[in-house]
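First comes the structure, then the notes that go with it.
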Amino acid sequence: MIHINIYRYNPEKDKFPYMQTFEFEKPKRDIMVLELLNQLKEKDPTISYRRSCREGVCGSDGMNINGKNGLACITPLSSVVQKNKLDLRPLPGLPVVRDLVVDMTEFYAQYEKIKPFLQNDVPVDIGERLQSPEDRDKLDGLYECILCACCSTSCPSFWWNPDKFVGPAALLQAYRFIADSRDTKTAERLQSLSDPFSVYRCHGIMNCVSVCPKGLNPNEAIGEIKSMLLSGKNKENIIASDGMS
Amino acid sequence: MMGSTLFFIQRFSALFLLGYSLWIMTFVFLNQPLEFTAWQIFTNQLEFLILTTLVAFISILHAYIGLWTVGTDYFTSRTLGFLHPELAKYANLIRGIYTLIFCIVGLLIIFIILLTIWS
Ligand code: SF4
Ligand code: SF4
Ligand code: FES
C-alpha cells in the first residue's frame, strides 16, 4: 500500500486547508502520478486538479510532488514515492482555488508584461520574415516552454514579489524574443526590465533549472538578459546555446 | 537603469572591500610578530585614514542595498501576511522601522569608525 497525502481545500466549505490520506494499492506496472490521481478521483470525485494532454505538452498539471514541482502526467510513481509515501500539494506561492488548482493570474500577468509576441516595425516585402538557420538555432532551449509555472512557483524571489519580479518562466520568454533576429524591439524590451525588481531579483538560486520538466534553463536566459543590460551588448553578440540544460 | 546601477554599486563596493581587507591582511602577515608601534605607524598614515574613511561609507552603502533587498522581500504585506493576516496591515510600518533601525546603526558605525581613526 502507498499512503497518498493530498492537499485539500474547498474555500466554500473549509476554513483551513488540510491533508487527506488515501491508501493506494501498489500498481503492478509503473504509472504516472496523473494516472494515480485519475484512479483516486474515481473513488472520490471531489478531488480537484487540472490536466489536459496527459503527455507533458499542455502544462496544465503542474503540482508539488513530494516537495518538488513537476508535471503529474510525466512523473512516474516509482521516481517519487519514498517509503511508500507520496505528498501532493498545489504549486507553492499562488492562491489556491481548490485542492491542487491554483490561481495563475499573477503568473500570466508577468507573461503579458514581457509582450510575448514578435515586434517588428519594418514592413514585410515577401510575405514572411526570413531567418537564417544560425539565427533560428538561437531560439532552441527558449521556445519549448509550455508555461507550466513549475519554475516560477519554485522560485523564492517570485514567492515574495510575484507582482514585481517577472519570474523565470516569463523571463525565459522575454529572452526568447530578445534573441529573435526578426524582433526589432530589443532596446525597449531591455529597458522595460531594467528596474531593480523585474530581472535583478533573480539571485541565481537555480530552483527553476532543477524543476523544469522540459529541461530548460531559465537561469541561463536570465544571465544573458542581465549581461545585455550591464554591458550594452546587443543581439549580434548572442550565440546559440546547446538548448537544453 | 536603476537595477544595473545598484548591481554595479554592489559588485564594485564588494571588490573595494575585498581589496582593502587584503591590504590590511598583507600588512599584518608581512609584519610578524606585529608590534604596536608598527601598527600605529601604519594606521596613522594618510592612505590608511583616507581608505578607511572610504570603507566606512562604502560598506554602509553596500549593506544598505543588501538590507533594502531583504526588507522588500520579507517585510511586505504579502510575506508578513503568510505569517498572519493581521501583520500584513502593518507591513509598511514594520519595514519603515526596520529601515530606520539599520540607517541609525549604519550612521552610528560610520561615526564610530571616523571618530576612532581621525581622533
Ligand atoms: S535562478 Fe533566479 S529565477 Fe531561478 S529560481 Fe533562482 S532566483 Fe528564481
Ligand atoms: S521554463 Fe520549464 S518549468 Fe518554467 S514554465 Fe517553461 S516549461 Fe515550465
Ligand atoms: S496534462 Fe498536459 S502537461 Fe500534464
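Proteins come first, then strands; the chains are lettered A, B, ... in the order of their sequence lines, and each starts at number 1. Only a predicted model underlies this, so the values are computations on that prediction, with no experimental measurement involved.
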| task | Count the heavy atoms belonging to other residues, nucleotides or ligands that lie under 6.0 Å from OH of B:Tyr90, then report whether that count exceeds 12. | result | no

More than 12 non-hydrogen atoms from neighbouring residues, nucleotides or ligands closer than 6.0 Å to CD on B:Gln40, yes or no?
yes

- Ignoring hydrogens and geometry, is there a side-chain-to-backbone donor-acceptor pair from A:Asp195 to B:Met2 under 3.5 Å? no

- Are A:Tyr200 and B:Leu6 side-chain neighbours, meaning at least one heavy-atom pair lies under 4.5 Å? no

### Query
For A:Arg98, does the CZ atom have more than 12 heavy-atom neighbours from other residues, nucleotides or ligands under 6.0 Å away?
yes

- More than 12 foreign heavy atoms under 6.0 Å from CZ of B:Phe29: is that the case here? no

A:Arg51, CZ: over 12 other non-hydrogen atoms inside 6.0 angstrom: no

Tightest non-hydrogen contact, residues A:Asn161 and B:Asp73, listed as ND2-OD1, 3.0 Å

dist B:Thr69:OG1 -> A:Phe197:CZ (nearest 0.5 Å) comes out at 8.0 Å

Output for pair (B:Thr72 OG1, A:Arg201 CZ), nearest 0.5 Å, gives 3.5 Å

One should read off an interatomic distance between A:Trp160 CH2 and B:Phe82 CZ, to the nearest 0.5 angstrom, of 6.5 Å

Taken to the nearest 0.5 Å, the spacing of B:Arg78 CZ from A:Glu106 CD works out to 4.0 Å

